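Chain naming here is simple, since letters A, B, ... match the order of the sequence lines and numbering starts at 1 in each. Just so you know, these numbers come straight off a predicted model, no measurement behind them.
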2 protein chains.
Amino acid sequence: MDNFPRPPEQDADQTVRTSSERAAPGRAPGQAPLDAPAGVGDAPASIGRMPTVKRDTYTPDSLLSVAVRVFNERGYDGTSMEHLSKAAGISKSSIYHHVRGKEELLHRAISRALDSLFAVLDEPAAGEGRALARLEHVTRRTVEVLMSELPYVTLLLRVRGNTDTEVWAMGRRREFDQRVAELVKRAAADGDLRADVDARLATRLLFGMINSIAEWYRPDRAASGHGTGGGDTSAEVAEAVVRTAFAGLRTH
Amino acid sequence: MDNFPRPPEQDADQTVRTSSERAAPGRAPGQAPLDAPAGVGDAPASIGRMPTVKRDTYTPDSLLSVAVRVFNERGYDGTSMEHLSKAAGISKSSIYHHVRGKEELLHRAISRALDSLFAVLDEPAAGEGRALARLEHVTRRTVEVLMSELPYVTLLLRVRGNTDTEVWAMGRRREFDQRVAELVKRAAADGDLRADVDARLATRLLFGMINSIAEWYRPDRAASGHGTGGGDTSAEVAEAVVRTAFAGLRTH
DNA sequence: ACTGCTACCGAACGATCGGTCGGTGCAAGG
DNA sequence: CCTTGCACCGACCGATCGTTCGGTAGCAGT
């Protein structure tokens, strides 16, 4: 039991556009092209093309950011291509100009989440020093990644295994879990974790805490500083999670 | 990130029947009639009808137990009436003989979950004594209810707000959350909870831990006693959750 | 002016969706 | 034996699903 702010009440949800050039009715490409890591659908590496200036058409990645938002509001299975086209402000068939189909959008989103999460395990502080310190680092960083890549990780966490992509995602996610469970076991062997809670159970409860952040954190409400109505910076929340998980809620 | 055992690989999932009387091809009514609290679709109170002997046809509640299982495997939106009919071993149209439709099944399941959860708040130990003790009691009992009513509560936890039923469920769930949050605030005011973690955030993290149980606990694997592969009794898990949440994972 | 390409469109595809309808077999009651 | 009613069925409904197809407007390069 916990939280989540608003049920999606409105239905005519069309992303409002900021800059318009075409004469066509309101479209709304995302703001993504600047954070896109390596545009898959981009034109091959030519010289000109001035890459940073305003982009008014969709790329696979800017379309993805819209799609992921809708997926998280309605659930993947509950989202139709019609819903996506309405939210993106382009026709249903136009979506297929950018991506192969619905499942590719899911795959791209989940890949991005998994890559960010696995990158945490490759950080130096995740491999050096006492196991407890490494575990605390991974916990803190996982929280931060979850919050910075919120919509993508949220999608990953909700996967049920209905399609090939989802089965693959569940497998990769289990890999990640086991890497962290290894850390928990090692810290327990060092005598740094309480002995009366099983290591596997402890791992699950730790992840339970971390992952639940996806159910209430809303970045738009952050940095307003008044309590924890879904706001707070990711470093603050990460610190609170580490404190709560390792030191407990109770005073001594 | 955490667990969940097996992706639903098989597709020809038909509940295997134990007793057969009809000549028709394999059907499989659930084992539910004995735990049904007050059979809604049952015949009016007549005298005979010998109520306890073997029941070979579906009741709304026995059908519900099948439906909820499938809902949890494929997700509500990912489950078609065809899926349900295959799993129940009766035709699609026959389902409508017992319930009004797909959404009624969801409503019945979620009602059952919510009733069980709210009942915890009405227990004497949830209203008497120091706030911290009451909070620990509610935590322990919520874990136990979650595990005993696992499939129904799981369904509740996954609701997205797409239909009227789901919006209603989210509202009721938020009520429950706020009742518990009240307890947390009171315990914090008593000085029994650490002051450096916001009460609202603490509530969310506590629920994060509790609710995550629905993602890995599998009752069929319980009572085998070897570690925490999804087994364990609900009292054991509840105790571990209380210890971890309030005392923390770390040794002192 | 012509060509080629990108980003989009409306119309339509077969499949599947949740749900309705008119039955049918059969056990129980008279 | 005949009637009644429950539990079930196959056939079918209009709507919607994800996807495909044949365009077309507008811009860049020549």
Between [options], spot the one nearest the side chain of [X], thanks.
X: A:Tyr58; options: C:dG19, C:dC8, D:dC8; value: C:dC8
X: A:Lys102; options: C:dA7, D:dG18, D:dG10; value: D:dG18
X: B:Met81; options: D:dG18, C:dT20, C:dG18; value: C:dG18
X: B:Tyr96; options: C:dC8, C:dG19, D:dC9; value: C:dG19
X: A:Ser94; options: C:dA11, C:dC8, D:dG18; value: C:dC8

Between atom [atom1] in [X] and atom [atom2] in [N], what is the gap in whole Å?
X: A:His83; N: D:dA15; atom1: NE2; atom2: P; result: 17 Å
X: A:Leu63; N: C:dA7; atom1: CG; atom2: P; result: 12 Å
X: A:Arg74; N: D:dT16; atom1: CZ; atom2: P; result: 13 Å
X: A:Ile95; N: D:dC17; atom1: CD1; atom2: P; result: 12 Å
X: B:Glu82; N: D:dC17; atom1: CD; atom2: P; result: 19 Å
X: A:Glu104; N: D:dG18; atom1: CD; atom2: P; result: 15 Å
X: A:Arg100; N: D:dT20; atom1: CZ; atom2: P; result: 11 Å
X: A:Asn162; N: C:dT16; atom1: CG; atom2: P; result: 15 Å

(message) Can you work out whether A:Lys92 or A:His98 has the more 5'-proximal nearest nucleotide on DNA chain C?
(response)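 Its nucleotide being nearer the 5' end, the pick is A:His98.
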
(request) May I ask you to check whether over 12 heavy atoms, not counting those of B:Asp164, lie within 6.0 Å of atom CG? (result)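 No, not enclosed.
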
(message) Taking the basic N atoms (NZ, or NE/NH1/NH2) and the acidic carboxylate oxygens, is any pair closer than 4.0 Å for A:Arg141 and A:Glu144?
(response)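 Between A:Glu144 and A:Arg141 there is a salt bridge, with a charged N closer than 4.0 Å to a carboxylate O.
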
(message) Need to verify one output field. Residue with the more 5' nearest nucleotide on DNA chain D, A:Glu103 or B:Ser93?
(response) B:Ser93

(request) Tell me whether the guanidinium CZ or amine NZ of A:Arg158 lies under 6.0 angstrom from the six-membered ring centre of A:Phe71 and within 45° of its axis. (result)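 A:Arg158 over A:Phe71 ring: no.
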
(request) Tell me whether the guanidinium CZ or amine NZ of B:Arg204 lies under 6.0 angstrom from the six-membered ring centre of A:Tyr217 and within 45° of its axis. (result)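 Judged by the rule, B:Arg204 and A:Tyr217 form no cation-pi pair.
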
(message) With a 4.0 Å cutoff (strictly under), does any side-chain N or O of B:His97 reach OP1 or OP2 of D:dA7?
(response) yes

(message) With a 4.0 Å limit, can you tell me whether A:Ser80 has a side-chain N or O closer than that to the phosphate oxygens OP1/OP2 of D:dC17?
(response)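 Looking at the OP1 and OP2 atoms of D:dC17, one of them is under 4.0 Å from a side-chain N or O of A:Ser80.
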
(request) May I ask you to decide if A:Tyr76's main-chain N or O and A:Lys102's side chain share a donor-acceptor pair within less than 3.5 Å? (result) yes

(message) Whether the side chain of A:Ser91 and the base of C:dG10 hold a donor-acceptor pair under 3.5 Å is what I'd like checked.
(response)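 Answer no: no donor N or O sits under 3.5 Å from an acceptor.
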
